[in-house]
Amino acid sequence: MASVTVFMVAEKPSLAESISKILAPNGQYQTRKSYTPVHEYNGQFRNQNARFKFTSVTELSNRTCIQSHNNWDATDPLELFTAPTLKLEANSKQHITKHLQNESRGADYVVLWLDCDREGENICFEVIDNVINSMKEPQKTKENRILRAKFSAITHTDIRRAMDNLVYPNKNESLAVDARQELDLKIGCAFTRFQTRFFQGKYGNLDSAVISYGPCQTPTLSFCVSRHDQIQSFSPEPFWSLAVTVARKNNNDKDKEETLLHWKRERVFDRQIARIFENCVKEANEAIVISVKSERKTKSRPHALNTVELLKHGSSALGIGPHDMMSIAERLYMQGYISYPRTETTSYPKNFDINAVLRTQQAHGVWGSYASELLENGVHKPSGGVDVGDHPPITPMRKAEEGELSGDTWRVYSYVTRHFLGSISPDMRYIRTTAIIKINNEIFECSGSRVDRAGFTSILYSRTSSDTFIPEYKEGERLDITNVKLTEGQTHPPDYLTESEVIGLMEKHGIGTDASIPVHINNICQRNYVKVEGNARRLVPTNLEKIDPDLSLPTMRSDVEKQLNYIALGQAKFKDVLDHSLKLFSAKFKYFTEKIGEMDQLFEATFSVIAETGKIMSRCGKCRRYMKYIASRPQRLHCKTCDETYSLPQNGSIKPYKELKCPLDDFELVLFSTGSDGMGYQLCPYCYNYPPFENISKGMGCNKCTHPTCPQSMIRNTVCPCPQAEVTGCKGRLVLNATLSTQWNLCCNSCNLVSAFTDKLKAVSVTKDEYCDDCGSSILKIEFSKNQTREPLEGCILCDDEISSLLKTR
DNA sequence: GCAAGGTC
């Protein structure tokens, strides 16, 4: 019988392996090392003998970039909304692309085992793009040979069922993700650039390199800010409360217990009225017990552990921030101590072998006997929780003793294991007794509770809740009043949100995912919008937090999500939704830029205007007055008279330099030193050129070898693009310079006009003996720095729009 | 230098 090849792809290596284990006959397969491992086995597929090849992707995701609009200075942010976007390969993607192409060569079928959510569907289509041309008979394959496995848990039944019911990938769901990516990118970039530029040009002590905006990070920040506003606008109110103690009659003095009662009215806000109540109680001779009730109560064991719960507990109880928590959990997972730490699921899947996990902990030095007891007496099946079908809950995978893991790693492992044990332990049971006591006509109560069965609390908490006792009162019993006191208090504002509360709010409003919540919180901390304070880890906004309220509502995200849903369900076209949303946000953006004056007033209250900050540094080449140096990030120079801000190289110190002037533009030079090598560079803050200037200004050509027509430097045939050329008759030629390694610029050797590349470029060179067909200028080759992932450009500096858009002329 | 979403 003929044999077919079935090529299968999972989202990560661990999944390819565990699914192979389930599907391969007798769990037997061969593993071959490649970019990611490939598992192979023989079996049956659609009644044919088949060779299965199962591999995975890791970092396939494409990055979307906005072509030719990377220059912050040359692009109006509003243009970003209509600019074309590009899907570009991440560096390491080249390997995975090749890997997929090689491994799928000659395949008859492709089965996609990517996570069953929209992101997964989107990756399906990326995989398809990469394998389609390697498959046997590519033109025929599209419809019925590329198949999607839909699974919700990594269990035998679920995986087998998925294999027997293969479907087709859903293009609409994938398109919804494409739309989200494009929207997030364009909106994020436009607002971030505008905000950053606007405020950095104006204020001196903004302590952040960038003032970012995003549909997740901004609402996250706004939770913290609205609590801050509540606290600021809070005015305390005085209140009065009655504290009454009673004691049983007929008791000897020595064991006469006094019990503090709780006033049913709690407190009143009027002093006069409080006095009336106080007198009313003071007039009474005794208190009467009206009723005594005992109730059995239970506190339920926790659901199985998911990521959000782990993060919340980490922050509130262990003092470990979400970002650190994830890297610790990641490490524990990689070393095989715990299961996959990114999951939303809070209930153990049906086939989850709880006892097997328990057995791994039986010999544990701390909780081994507890685990054994559970095994003997039977576990308490967890109730409630949801199986989202992504990954099983977070559980321990193998035993680790305290000495084996260090510090926080051990504390996290210990919590994961205790939580697991707690989630299958009996509920906590306690008895609560409440006595209602009347004094004149005022009602008081007191209550106590006694733990009947500690249940899960004995393993999950280091301290189990202790009992509180009250005397065994009887109905109708009369008590002595031993003390009546009117106490005065003040209402307090709510406290700042704890990190744990913010995580809860994000989850509730659907902001971010289990994987990205720590990233968003980390972002707003790192960019100085909030600070984590105290052991309780409360997020307190800094001065940077004032953003337009309309744009920071958590509903911003969910409204967009609604639109995206229509795409996913096939009820709306990708383009229509995208156009609609882009138009909407572009209108919001226009409104925002017009209204920024109002926001500005808020800023003026907390920040000093740039002209009033900084220290005097060097003279401006235009007005000849002194400019001020602003040290807060990003360091820059500001000229008050011209109202201009000039950027400086970062990560180094700036000093005045001998009052020497740049021959090109009259700006005074500064000394830039990085400290690490102790070397200083003399630098013109305006054109970024550095000595020897005399060569440039004399039109001598190369500023390295000083040769007037050095081929390395001179763009031989390129006339100066200076706008005054026709008037001034400038016939200069351009000289190519590089200053401070990445700042490339072109300088006219006659009129000294400088055009600088503001993007970070790896290299700019002149293509030898190639000239533009239209104007005869030299052809320029531009290579971008690594992190830009842009293809090199080649073209004429005067005629090629893309190249000239990279240049800013000063 | 800018988003958010996956993965390592």
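Throughout, protein chains are lettered first and strands after them, A, B, ... in sequence-line order, and every chain is numbered starting at 1.
- One interatomic measurement links the two molecules: CG of A/Leu15 to P of B/dG6, which rounds to 14 Å at whole-angstrom precision.
- Put simply, A/Arg527 has a side-chain N or O that comes within less than 4.0 Å of OP1 or OP2 on B/dA3.
- Counting any heavy atom pair closer than 4.0 Å across all strands shown, A/Gln217 reaches sugar-phosphate atoms only and no base atom.
- Distance from the side chain of A/Glu119 is smallest for B/dG6 among the nucleotides B/dA4, B/dC8, B/dG6.
- Along DNA chain B, the nucleotide closest to A/Gly188 and the one closest to A/Ser14 are compared, and the more 5′ of them pairs with A/Gly188.
- If you check every strand for non-hydrogen atoms under 4.0 Å, A/Gly512 touches sugar and phosphate atoms only.
- A/Glu330 has a carboxylate O that lies under 4.0 Å from a charged side-chain N of A/Arg342, or vice versa, which qualifies the two as a salt bridge.
- Using a distance-only test at 3.5 Å, with no hydrogens or angles considered, a donor-acceptor pair links the side chain of A/Glu11 to the main chain of A/Asp115.
- If you check every strand for non-hydrogen atoms under 4.0 Å, A/Tyr340 touches sugar and phosphate atoms only.
- Between the CG atom of A/Leu221 and the P atom of B/dA3 there is a distance of 13 Å, rounded to whole Å.
- Between the C1' atom of B/dC8 and the OH atom of A/Tyr35 lies a distance of 9 Å, rounded to the nearest Å.
- Distance alone, capped at 3.5 Å, places no donor-acceptor pair between the A/Ser315 side chain and the A/Ile320 backbone.
- Of the candidates B/dT7, B/dG5, B/dA3, B/dT7 carries the atom nearest the A/Glu11 side chain, counting heavy atoms from C-beta on.
- In terms of position along DNA chain B, the nucleotide closest to A/Ala190 lies nearer the 5' end than the nucleotide closest to the other residue of the pair A/Ala190 and A/Gly510.
- One finds no side-chain N or O of A/Ser212 lying less than 4.0 angstrom from the OP1 or OP2 phosphate oxygen of B/dC2.
- Side-chain proximity of A/Arg193 to B/dC2, B/dG5, B/dC8: nearest is B/dC2.
- When rounded to the nearest whole Å, the span between CD of A/Glu344 and P of B/dG5 equals 11 Å.
- A/His520 has a side-chain polar atom (N or O) that falls below the 4.0 Å cut-off from OP1 or OP2 of B/dG5.
- For A/Val210, taking side-chain heavy atoms from C-beta onward, the closest of the listed nucleotides B/dT7, B/dC2, B/dA4 is B/dC2.
- Atom CZ of A/Phe574 has more than 12 neighbouring heavy atoms from other residues, nucleotides or ligands inside a 6.0 Å radius.
- Of all nucleotides listed (B/dT7, B/dG1, B/dG5), B/dG1 comes nearest to the side chain of A/Trp72.
- Ring pair A/Tyr340/A/Tyr333 is perpendicular by interplanar angle, where above 60° counts as perpendicular and below 30° as parallel.
- Regarding contacts with the backbone of B/dG5, every side-chain N or O of A/Arg180 stays at 4.0 angstrom or more from both OP1 and OP2.
- As a whole-Å value, the separation of A/Leu183 CG from B/dG5 C1' is 14 Å.
- Judged by distance alone, with hydrogens and angles left aside, A/Arg197 brings a side-chain donor or acceptor within reach of the base of B/dG1, the pair sitting under 3.5 Å.
- The side chain of A/Thr196 approaches B/dG1 more closely than any other nucleotide in the set B/dA4, B/dG1, B/dT7.
- Residue A/Asp115 is in sugar-phosphate contact alone, with no base atom involved, counting any heavy-atom pair closer than 4.0 Å across all strands shown.
- Side-chain proximity of A/Thr192 to B/dA4, B/dC8, B/dC2: nearest is B/dC2.
- Here the P atom of nucleotide B/dA4 and the CD1 atom of A/Ile123 are 18 Å apart, to the nearest Å.
- Side-chain contact between A/Tyr35 and A/Glu103 is absent, with no heavy-atom pair separated by less than 4.5 Å.
- Rounded to whole angstrom, the span from the CD1 atom of A/Ile211 across to the P atom of B/dC2 amounts to 13 Å.
- Distance, A/Leu578 CG to B/dA3 P: 19 Å, rounded to whole Å.
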